[in-house]
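One structure is given here, and the rest of the page talks about it.
Counting begins at 1 with the first residue of the sequence.
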Amino acid sequence: MTASASEPDDTAGPGRPTGAVYDLVVIGAGPAGLAGAVAAGELGLSVALLDSSTRPGGQFYRHPAPALGARRPEALHHAWAAFADLRRRLDAIGADHLTGHHVWSVVQENDGTWTVHALAGADGSADAPLRIRARALLLATGAYERHLPFPGWTLPGVVGAGGAQATLKSGLVLPGRSVVVAGSGPLLLAVASSLAAAGARVPAVVEAAGYLRYARSPRALVTNPGKAVEALVHTAALARHRVPVRLRSAVTEVHGTDRVEAVTVTRLDRAWRPVRGTGRRIACDALAVGHGLVPQIELAVAVGCATRSLPDGTLGLALDDLQESSVPGLWAAGETGGVGGAELARTEGETAGRAIAARLLGHPARAGATAGLRRRRDRMRAFADVMAAAHAPGPGWTGWLTDDTDVCRCEEVPAGRVREAVAEYGARDARTVKLLTRAGMGWCQGRMCGTAVACLAAAGGTPEPPAERRPFAVPVRLSTLAALDGPPSDPTPAPDGATDPAAS
């Protein structure tokens, strides 16, 4: 069931256009994308699965390259069997798994089909733009880390919590010998237990929130016992390694000259304001820090998909009961609709894959076929909302920032300049601050500093969620844009031997 750029392919069901048009393109090969591709492929659709990584699994199932010789890559994961099953089934359906493909734009054509624009290569450096056509689109683009700045956060040795886990899983590398893990969210427990198991000393896990808010939603806890078991497993691992967990606290300063030498941990009040006189210095040579995840929705927002505010102040896509967005023909699954973990992502991906197959094959959507999936999804989504609310940053965190603390690392814009734009020039939103200070105009396009700038612009009020509206999802050369008016590129072999259909 592989579409070719040069030969018609009518094997994927009635009514499918001839030529190089897939039934479905899935963007993202994490748990949600894999589940969606497998579900659709097993029901008879031709599928192309695009991902920027060279191996499937996304951030959650990131694993070492074969050259590293890891004997048991599954040791750094739970639910590895679910991933192994999806990988086996993906191979069985004959989907085109296009690795090393960086999607920078999607366009819905007048006939309702989709054109996916991508760059190939490990860093997207291929000269010719790739265009892949499909009748339906499933976005499973995941999320990126949310960062709240503090004095010293730009020192070498300060890494994202998710980044520390990613380098351990993919490269078997520790960020340091003595690593403090800080921020907010359940990811911290998983990161700390993984680092400790791999041989790092973890002086402390520093959680800015508490866990009492979970108790306010007993139904979500009772109906998701697996989450409690998972937390107990990580907590037991930390206890074995004698790692203390400090709640209602935050790293408010990093000390060092050429790299991290120590951190100051300060108690927080319920609004996340630092409590004076409670700072304690902890020696370490690395800090892994993160304050949750932000859904990666640029591709969907660029084509007009509606969004919804999530309990932690971020934006996710507004999706219907079968994971379809407000733009017909575009579905989404996983963390694009809100962060909830790998099991929820797999469930949403399978729901979307089944719904897409029913639509394209002309079958009426049967409620019974996905009823069990939707009940499981709703149960896990309810827990995800509780989790997001429990770890949402409090408004007082900006009290950590001195005026000379860089907020926008790309453009080197300090907090004092942002505060000046608010107090002296009347800025009240992140966009105005950007125009006055250049905060958010750098390489990351506001992904690193967007939350901080929005909070400072709100001046103690409720910040607006970052708009996530960017014309391109990844950096694109002007030569690539100029080449769009020319003929489509020839099919390019993907690293795993698949073929890229490049259709105009």
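Of the possible polar contacts, none joining the Asp406 side chain to the Cys408 backbone as a donor-acceptor pair under 3.5 Å is found. Without hydrogens or angle criteria, Glu145 side chain to Gly162 main chain gives a donor-acceptor distance under 3.5 Å. Asn224 contributes no side-chain N or O that, together with a main-chain N or O of Gly226, makes up a donor-acceptor pair within less than 3.5 Å. Formation of a donor-acceptor pair under 3.5 Å by the Thr351 side chain with backbone atoms of Thr347 is found in this model. Judged purely by atom type and a 3.5 angstrom limit, Asp51 uses its side chain to pair as donor or acceptor with the backbone of Ala29. Thr432 contributes no side-chain N or O that, together with a main-chain N or O of Arg428, makes up a donor-acceptor pair within less than 3.5 Å. Under the 3.5 Å distance criterion, the side-chain polar atoms of Arg146 are left unmatched by any main-chain donor or acceptor of Gly292. Using a distance-only test at 3.5 Å, with no hydrogens or angles considered, no donor-acceptor pair links the side chain of Lys434 to the main chain of Asp429. Remark: the backbone N or O of Ala382 is not paired with any side-chain donor or acceptor of Arg219 at under 3.5 angstrom. Counting only distance, with no hydrogens or angles, the side chain of Ser249 and the backbone of Leu247 share a donor-acceptor pair below 3.5 Å.
Nearest approach of Gly337 to Leu319, heavy atoms of both residues: CA-CD1, 4.4 Å. The two residues Leu310 and Leu315 have their closest heavy-atom pair at CD1-C, 3.9 Å. Minimum interatomic distance between Ala166 and Arg62 (heavy atoms only, all atoms of both residues): O-CD, 3.3 Å. Between Leu287 and Ala182, the shortest heavy-atom contact is CD1-CB, 4.0 Å. Residue Gly341 comes nearest to Glu335 through the heavy atom pair N-OE2, 4.3 Å, listed as atom of the first residue, atom of the second, then distance.
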Going by atom type alone, with no hydrogens or angles, which donor-acceptor pairs under 3.5 Å involve a side-chain atom of residues 196-215 and a protein atom two or more places apart or on another chain?
| from | atom 1 | to | atom 2 | distance (Å) |
| --- | --- | --- | --- | --- |
| Arg201 | NH1 | Ser178 | OG | 2.9 |
| Glu207 | OE1 | Gly185 | N | 3.0 |
| Glu207 | OE2 | Ser184 | OG | 2.7 |
| Glu207 | OE2 | Ala209 | N | 2.8 |
| Glu207 | OE2 | His391 | ND1 | 3.4 |
| Arg213 | NH1 | Ala389 | O | 3.1 |
| Tyr214 | OH | His391 | NE2 | 2.8 |

**Message:** Working note: Glu298 + Arg447, criterion salt bridge (charged side-chain N to carboxylate O under 4.0 Å, His left out); need CA distance, chi angles, decisive distance, verdict.
**Reply:** CA-CA 11 Å; Glu298 298 99 328; Arg447 292 175 180 86; 2.9 Å; yes
**Request:** Given side chain to side chain contact (heavy atoms under 4.5 Å, CB included), test Leu401 with Leu456 step by step and report yes or no.
**Result:** CA-CA 10 Å; Leu401 301 176; Leu456 288 170; 4.2 Å; yes
**Request:** Dump the intermediate steps for side chain to side chain contact (heavy atoms under 4.5 Å, CB included) on Val25 and Leu50, then the final yes or no.
**Result:** CA-CA 7 Å; Val25 165; Leu50 279 68; 4.0 Å; yes
**Request:** Determine, stepwise, if the pair Gln165 / Gln59 fulfils side chain to side chain contact (heavy atoms under 4.5 Å, CB included).
**Result:** CA-CA 9 Å; Gln165 190 176 51; Gln59 296 297 329; over 6 Å; no
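Going from atom OH of Tyr61 over to atom CZ of Arg55 covers 16.0 Å, rounded to the nearest 0.5 Å. Taken from OG1 in Thr235 to CD in Glu230, the straight-line distance is 10.5 Å, to the nearest 0.5 Å. In this structure, CG in Leu139 is found 7.0 Å from SG in Cys305, a value given to the nearest 0.5 Å. Separating the OG1 atom in Thr264 from the CZ atom in Arg280 is a distance of 10.5 Å, to the nearest 0.5 Å. From Leu187, atom CG reaches atom CG of Leu293 across 6.5 Å, with rounding to the nearest 0.5 Å. Atom OG1 of Thr252 sits about 13.0 Å away from atom CG of Leu148, to the nearest 0.5 Å.
Between His117 and Trp104, the two ring planes are tilted [angle within 30° to 60°]. Under the 30°/60° scheme for interplanar angles, the aromatic rings of Trp400 and Trp397 are found to stand perpendicular.
In this structure, the side chains of Val303 and Leu330 come closer than 4.5 Å at one or more pairs of heavy atoms.
Between Arg259 and Asp285 there is no salt bridge, since none of the side-chain N atoms of the basic residue sits less than 4.0 Å from a carboxylate O of the acidic one. Under a 4.0 Å N-O distance rule, the pair Arg438/Glu412 does not qualify as a salt bridge.
Every residue two or more places apart in sequence or in another chain that forms a side-chain contact (heavy atoms from CB on, under 4.5 Å) with Glu348 is listed here: Gln323, Ala333, Leu344, Arg377, Arg381. Under the salt bridge (Lys or Arg N to Asp or Glu O under 4.0 Å) criterion, Arg88 pairs with Asp85, not counting sequence neighbours.
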